[in-house]
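Everything below concerns the one structure shown next.
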Amino acid sequence: MAFCENSADKVGQPAPCITVASGTLVLLLPAQYFQRLLALLQQGFWLRVPAAGSIETLFCHSWGLSPVYLASRIQTIFLNGQPVDSVAALVGDRDTLALSAAMPGLVGATFRKGGVCAPLRAGITHRNETRSPATGPCWVQVKLFNLLCQELGPHFLARGIWWPQGLVLTFLQGLPAVFWTVGQVFLDGRPLDAPAVARLPWHQGTELVGVTGRLCSEAAVS
Amino acid sequence: MRTEPVGDYAGLGGRAMTTTVVALEVPPSCHPLGAANKLVIAPGLLSGSLAAMSGRLSVGCKSPLTGGIKESNAGGQPAQVLARLGYAAIVLEGKPPDDTLYKIVINKDGVNFIPDNSLKMLGNYDVVARMQQEFGDKIACISIGPAGEMKLGAASIACTDMELRPTRHCGRGGVGAVMGSKGVKVIVLDDSGLDLRRAKDPEKFREANRQFVAGLKKHPITGEALPAYGTNVLANIVNEAGAYPTNNFSTGRFAGVHNISGETAAELEKARGGLATHGCHRGCTIRCSGIYHDKSHNYLTKQPEYETVWAHGANCGIDDMDAVAMLDRLDDDFGLDTIEMGATIGVAMEAGLIRFGDAEGAINLLKEVGKGSYLGRILGSGAAVAGKVFGVERVPVVKNQALPAYDPRAVQGIGVTYATSPMGADHTAGYAVATNLLKVGGDVDPLKPEGQVELSRNLQIATAALDSTGMCLFVAFALLDQPETFQALIDMINAFYGLSMTADDVMALGKKVLKLERDFNRRAGFSKEQDRLPDFFKKEILPPHNVTFTVTDEELDAVFNF
């Protein structure tokens, strides 16, 4: 399934072409491997949403997260690389939304949404007037940085996300032999082991594969 | 050697002390490596006491890199120990008659100058190890590496951390070269037998410190983000903003950022038995540093800072965290400013000495500096010199000092500070983000783009004020959001000295410091023409936002209107 017909400009970059592969991967990971998975969320993952909407709408309604958390904890938001001052900003098809907790440094304060130092980056600030709302289902790329990886990552992984096959394969192939005695991986309900992972034809694949991930105890397999 | 009462400099600490002494006692036209220059080393107002976050050490002089006044500061143990020894500042002046190298030992019994040519051209790690063998492990050291002895423009002054490693550096402006020109390799500080400095009103001081620490701990930046990931937590968001200078400032995004981000480094540190959360001096409650182990799980260096990871990473197209950590280790050992060296290697890559992304080549170039080869001495003189020697136009410097890790085309207001700071391009010159709370110059409307110049001015004043207390700049975030934490800081200073200062008094000090610095530079021959970014920032568009630096010269000239 491809979504390449629209090449809307994303701040100097073409909108990504999205192709979805068949199959869903389920990962049950002990804590140390789950942490590794969470660290991948900084590189971004894709979500399918029923319709375009504001950051607030997506966050609180589509993804079921708390408005209080959005207001207080998520201090820095980028939409297609542009710092955002209002959660009313519209998110459209194939947009990239990057979320961060409060950041240090002058530049951290500068990127903070609605902060006193916002004028320092006025030239790249997101402005809603340049956006037209999209209709129909959308793909949105989400990046979670720093504390939000830990706090929101488990929520999104439990609900299911989409990742490029190549990224998932690199993660699976980087797991040590001992992992396969304490964690579990299923593809469309069938368990995979290390040799089966090695046979997956996903090398450098950019097609998106559905992934869910959950924390399990080390005794899950044994 | 002489010890003098503090006299008219009473009540000054940190940057206020170093700037005032340099401005009043150093002839602005002197050669920075000559006898007339002075190297002033000063702890903060509350260093040596129980006050949290009070361990910054300021170093000031006329800079051999910029030709103007310089204040550079670092964490580590020396500020605490120097203050406990009872000194408000060390001033190195004059010039030795020959090339004898000295160590200076300061303890409760006094000060000793000891010739020690066996230390010549030793790296900072070896120097400190030698001092530890000789004087025990209760000391703190201020030292220079080979770069300082060679009087290179990128030479730093190292301060030891809690583990007695030379990992905290007064990096900017070539201050290490001035220490080298005085013939001093290392200053050994030993406060054995001495107590903490005591406040005039101990009860009030203790309560204010308690409030101050509570404020830092409850704030999401100082209580969570910095301890968890260190300063390099910024890499991902600055990259996302398209403001992460990559391949010598040719683009604002680095594809390999996730390999060198704070999040990745923290995981690596924990997996290898290092530490992702660690303080650089006793009394630090934020603990934004860490300990980085190599692939064999052996100590390599402290957690590389954001600026270092950027300078040696994205700016050189290198996405190998172990290579960046090795470059950080070599910088610390040779006594070099990581920002200046990263920028210089980026310029060398632009010139074609090695290709962008060549981590091994970058390590070899840095080793040339440590060896003192002709090539190494050129590189160790900084990005401006390297750009001239190798014929590169895109040289990211202001007043000959390399720009830090934020592209001023994407974050134009920071470009205003880079251009106009008396220090040369300096990310910490406009760092004290609590300006609205402090009401410096009145409130700024965040929705007005023209507020950039006004904000830069206010930030520079507030930062000069905070630098003058000798507190770690990272306390600024809790001050920004929590008025009670700011009040606790003022209360601490007042209780310690028996004063009744207000925020206005602190800001007045910041203004005074900046005026002294600007005046020194004017007398040294600087004019508004030096308050400019390099031309390429106005001409070359920066992807992905495709922006140039658009703040006008007239607007830049309006920054210092007080």
Side-chain angles (χ1 to χ4, degrees), chain A residues 9-13 32 35-36 38-44 72-83 85 96-126 143-151 153 167, chain B residues 219-222 224-226 228-229 231 233-234 236-238 240-243 253 258 261-264 267 271 288 306 405-406 409-414 416-417 427-428 430-431 433 435-436 443-452 454-456 459 474 477 480-481 543-547 550:
Chain A
D9 190 34
K10 305 291 183 188
V11 195
Q13 296 184 335
Q32 71 178 108
Q35 284 299 319
R36 288 194 197 183
L38 291 178
L40 292 185
L41 299 173
Q42 63 181 308
Q43 297 184 53
S72 61
R73 191 66 162 168
I74 300 181
Q75 290 289 315
T76 313
I77 300 174
F78 296 96
L79 185 54
N80 298 324
Q82 295 176 320
D85 286 317
T96 296
L97 193 61
L99 306 172
S100 164
M103 287 292 96
L106 172 60
V107 82
T110 297
F111 289 134
R112 195 188 287 195
K113 65 177 192 276
V116 295
C117 297
L120 297 176
R121 41 77 172 172
I124 60 169
T125 297
H126 175 77
K143 295 179 181 176
L144 297 179
F145 297 148
N146 48 75
L147 299 169
L148 304 190
C149 276
Q150 303 293 322
E151 294 174 0
L167 182 71
Chain B
H219 193 276
I221 294 176
T222 48
E224 293 180 279
L226 279 170
Y229 303 107
T231 53
V233 70
L234 282 170
N236 268 323
I237 73 155
V238 178
E240 189 65 21
R253 284 235 177 100
H258 56 273
S261 68
E263 291 90 329
T264 299
E267 285 303 312
C288 70
Y306 166 72
Y406 318 96
R409 288 166 287 191
V411 193
Q412 307 236 336
I414 290 179
V416 175
T417 300
H427 64 294
T428 64
Y431 207 89
V433 292
T435 51
N436 262 29
D443 283 321
V444 172
D445 182 349
L447 299 177
K448 288 183 180 171
E450 59 268 31
Q452 291 177 359
E454 195 175 353
L455 260 175
S456 174
L459 288 161
F474 290 158
F477 311 109
L480 170 67
D481 294 326
H545 293 295
N546 298 327
V547 285
T550 58

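Note that the coordinates shown come from a computational prediction; the quantities given were computed from them, not determined experimentally. Just so we're on the same page: letters track the sequence lines, and every chain starts at 1.
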- Examine whether an atom of B:E267 lies under 4.5 Å from a heavy atom of chain A, and if so say whether it belongs to the side chain, the backbone or both; otherwise answer neither. side chain

- Could you tell me the separation between the CD atom of B:E224 and the CG atom of A:L147, rounded to the nearest 0.5 Å? 5.5 Å

- Note on the structure: Here the pair of heavy atoms bringing B:A225 nearest to A:M103 is CB-CE, 4.1 Å

- Can you list the steps and then say if A:V107 with B:L234 is a side-chain contact (heavy atoms from CB on, under 4.5 Å)? CA-CA 8 Å; A:V107 82; B:L234 282 170; 3.8 Å; yes

- Segment of A:A102 engaging chain B (4.5 angstrom heavy-atom cut-off): both

- Item | CD-NE2 distance between A:Q43 and B:H258, expressed to the nearest 0.5 angstrom | 3.5 Å

- Query: What part of A:F111 lies closer than 4.5 angstrom to a heavy atom of chain B: side chain, backbone, both or neither?
  - Reply: side chain

- Note on the structure: Taken to the nearest 0.5 Å, the spacing of B:Y406 OH from A:T110 OG1 works out to 9.0 Å

- Partner chain B: residue of A:R73, A:Q35, A:R36 with the largest heavy-atom pair count (under 4.5 Å): A:R73

- Hey, mind stepping through B:I221 and A:R112 against side-chain contact (heavy atoms from CB on, under 4.5 Å) and telling me if it holds? CA-CA 12 Å; B:I221 294 176; A:R112 195 188 287 195; 3.7 Å; yes

- side-chain contact (heavy atoms from CB on, under 4.5 Å) between B:V233 and A:F145, worked out: CA-CA 8 Å; B:V233 70; A:F145 297 148; over 6 Å; no

- Item | No-hydrogen, no-angle side-chain donor-acceptor test under 3.5 Å, B:E240 and A:T96 | no

- CG-CG distance between A:L106 and B:L459, expressed to the nearest 0.5 angstrom: 5.5 Å

- Message: Within the 4.5 Å heavy-atom criterion, are A:R121 and B:I414 side-chain neighbours or not?
- Response: no

- CG of B:L226 to CG of A:N146, rounded to nearest 0.5 Å, is 10.5 Å

- Interchain contact, B:I237 with chain A, by part (heavy-atom threshold 4.5 Å): both

- Donor-acceptor pair, side chain of B:H427 and main chain of A:G105, under 3.5 angstrom: no

- Message: Under 4.5 Å from any heavy atom of chain B, what part of A:Q75 do you find: side chain, backbone, both or neither?
- Response: neither

- Task: State whether the side chain of B:E263 and the backbone N or O of A:A39 hold a donor-acceptor pair below 3.5 Å, judged by distance alone.
- Result: no

- Message: For a side-chain contact (heavy atoms from CB on, under 4.5 Å) check, start with the C-alpha distance between B:T417 and A:L120, then their side-chain angles and the critical distance, and finish with the verdict.
- Response: CA-CA 10 Å; B:T417 300; A:L120 297 176; over 6 Å; no

